[in-house]
Amino acid sequence: MSQIDIQDLFNKSRFPSVWGLLLVVLYSPVGFVLVLLRLLVVLLLWLLASLLPDCNSLRAFLSYGIRIAFGIVVKIDPESEPRDKQSRIIIANNASVLDHFALRRATETVVPSVWELPTALSNTLGLQKMNMNSKETLIANIKQFLSTSTYSVAVQPEFSTTNNQVALLKFNSWPFSIETSVQPVAIKASRSELVPVHLTSLASTWLTEVFWFMFVPYTVFTLRYLKIRRNSDHEILVREVEKDIADALGLQTCSHTVSDKTEYEKRYRTRILSSARPNRNTPNSQVIHSIEIQRMARQVSEVLPLVPHNVILRDLMKTRNVDVTIANILDGIVTYTPEPNPPAQSSVTSSSGSSAKDKVLGTTSFQEKKAKMIQEARERYIKKHGLTNC
């Protein structure tokens, strides 16, 4: 697997360029009218699916309506392998939040879901409600579904989207333990160049993604079935299928997982929020800000005197909150080298000394260290304020 910088896997902006943004602005009156009309279509579809019994004619009508509501066009790549229905597990990459509808349109396939939708609408969208409390429970649900239904099951083991320009997220291996053979499907999605809007963007919500489906004129999904892969060792099978799909899309494989994306999104949101805070450029505001930070730092030092002052200040500059900084230090999120015990703390020297010894020898667990620090902080607080009967 290639070592790829995780930031290269995602679009931070919804628009590819400044000129692209200008085109979107010019198109926006039409786009907002489309959104309103399509929302009315979605409402109508929801009412029909809720009131009418599930049947083939209703599903056909709902399918047609969904294509209008989301502007979805589904195609099969001419170079696609034939669909082999003996393989009941479809493995696909994750291109967008509406891949399940494209898969449902192309073949008799459903995607496991936790959504509570009317039966007819759920079937049309290609969603099947299943218990996802644990991996084992979900696998058991899928096997039971396959034994009682004519539909196949599609799973997207990336479990999140990328920009589909550099590499796939590393596939999770559990979907490959359901059956020993799977049929890979490579999904490509594109939009009109006249309204250049990326299919996904970093830290975007599901509702935002759906909004842009309704805003742009159309989105084209192109599916390409690949040769069936068989292997009783699912750890080997997952890497073979991952490589096949990446090659079909002209992408690479990498070691970054959906968990890595989640952490990267958190850091990205934090940076955005930090940059959005009011500027503290005036001399008076800088002085007030510095005094406030120093005051909070003293409060933290009273509770945790062994933590270096610069470490406390650094975390307070991020959190702006005494309680959060104390929690970060106690939970080990903020790491530091303890300072020597201050002279004023002679009454707890033996206790903190043994704690320092334990740190060196590694004989106490993190929870024990944390409990000792909290107890020492409590004793100091009681002594400082002359509290009794505590």
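Because only heavy atoms are used, hydrogens play no part in the values below, and waters and symmetry mates are left out as well, while side chains stay in.
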Nearest 0.5 Å please: distance from the [atom1] atom of [X] over to the [atom2] atom of [Y].
X: Ser28; Y: Leu23; atom1: OG; atom2: CG; value: 11.0 Å
X: Leu48; Y: Leu52; atom1: CG; atom2: CG; value: 5.5 Å
X: Ser149; Y: Arg88; atom1: OG; atom2: CZ; value: 6.5 Å
X: Asp54; Y: Asn56; atom1: CG; atom2: CG; value: 8.0 Å
X: Ile4; Y: Gln252; atom1: CD1; atom2: CD; value: 4.0 Å
X: Leu316; Y: Ile293; atom1: CG; atom2: CD1; value: 5.5 Å

Give the minimum heavy-atom separation between [X] and [Y], together with the two atoms involved.
X: Phe171; Y: Glu242; answer: N-OE2, 2.9 Å
X: Leu9; Y: Cys254; answer: CD1-SG, 4.1 Å
X: Arg38; Y: Gly71; answer: NH2-CA, 3.7 Å
X: Pro184; Y: Lys227; answer: CD-O, 3.2 Å
X: Pro217; Y: Leu34; answer: CA-CD1, 4.3 Å
X: Asp5; Y: His256; answer: C-NE2, 4.1 Å

State, with a plain yes or no, whether a side-chain heavy atom of [X] is found less than 4.5 Å away from one of [Y].
X: Leu45; Y: Phe61; result: yes
X: Phe101; Y: Leu127; result: no
X: Leu194; Y: Tyr27; result: no
X: Pro112; Y: Gln128; result: no
X: Leu223; Y: Ser80; result: no
X: Gln86; Y: Ile228; result: no
X: Glu179; Y: Arg230; result: no
X: Pro175; Y: Ile89; result: no

Requested in this report: Evaluate the criterion side-chain contact (heavy atoms from CB on, under 4.5 Å) for residue pair Leu22 and Trp19; output intermediate values, then yes/no.
Outcome: CA-CA 5 Å; Leu22 179 60; Trp19 289 110; 3.7 Å; yes
Parallel, tilted or perpendicular for [X] and [Y], by the 30°/60° rule?
X: Trp212; Y: Phe15; value: perpendicular
X: His100; Y: Trp115; value: perpendicular
X: Phe213; Y: Phe70; value: perpendicular

Report task. Step by step, work out the side-chain contact (heavy atoms from CB on, under 4.5 Å) result for Phe159 and Asn94. Result -> CA-CA 7 Å; Phe159 298 124; Asn94 205 320; 5.8 Å; no
Look only at the side chain of [X] and the backbone of [Y], and say whether a donor-acceptor pair between them is shorter than 3.5 Å.
X: Gln183; Y: Ile91; answer: no
X: Ser63; Y: Thr124; answer: no
X: Glu265; Y: Ala203; answer: yes
X: Thr148; Y: Gln144; answer: yes
X: His309; Y: Ala297; answer: no
X: Ser50; Y: Pro118; answer: no
X: Thr200; Y: Thr162; answer: yes
X: Arg229; Y: Val241; answer: no
X: Glu158; Y: Leu168; answer: no
X: Arg191; Y: Val216; answer: no

Before accepting this row, confirm whether a basic side-chain N of the pair [X]/[Y] lies closer than 4.0 Å to the acidic partner's carboxylate O.
X: Lys243; Y: Glu240; result: no
X: Glu209; Y: Arg14; result: yes
X: Lys129; Y: Glu116; result: yes

Give a yes-or-no answer on whether the side chains of [X] and [Y] include a donor-acceptor pair shorter than 3.5 Å.
X: Thr109; Y: Arg83; answer: no
X: Asn131; Y: Thr137; answer: no
X: Arg295; Y: Gln299; answer: yes

Verify same cluster id: [X], [Y] (apolar side-chain graph, 4.5 Å):
X: Val114; Y: Leu125; answer: yes
X: Leu47; Y: Leu40; answer: no
X: Trp206; Y: Ile72; answer: yes
X: Ile66; Y: Val73; answer: no
X: Leu37; Y: Leu39; answer: no

Query - Sole residue of Thr161, Asp99, Asn172 in side chain to side chain donor-acceptor pair (under 3.5 Å) with Gln156 - result: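 Single side chain to side chain donor-acceptor pair (under 3.5 Å) partner of Gln156 among Thr161, Asp99, Asn172: Asp99.
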Query - Flag if over 12 foreign heavy atoms under 6.0 Å of NZ, Lys85 - result: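 Count not over threshold, so no.
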Query raised in the report: Quick check, are the ring centers of Phe215 and Phe32 under 6.0 angstrom apart?
Result: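 So the answer is yes for these two rings.
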**Report entry** Non-neighbouring partners of Arg224 that pass side chain to side chain donor-acceptor pair (under 3.5 Å), sequence neighbours left out
**Finding:**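 Expected list: none.
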Report task. Take Val220 and Lys75 through the side-chain contact (heavy atoms from CB on, under 4.5 Å) test and state the conclusion after the steps. Result -> CA-CA 7 Å; Val220 179; Lys75 298 180 178 180; 4.1 Å; yes
Requested in this report: Could you give me the CA-CA distance, side-chain angles and deciding distance for Asp260 and Leu169, then say whether side-chain contact (heavy atoms from CB on, under 4.5 Å) is met?
Outcome: CA-CA 9 Å; Asp260 297 324; Leu169 290 175; over 6 Å; no
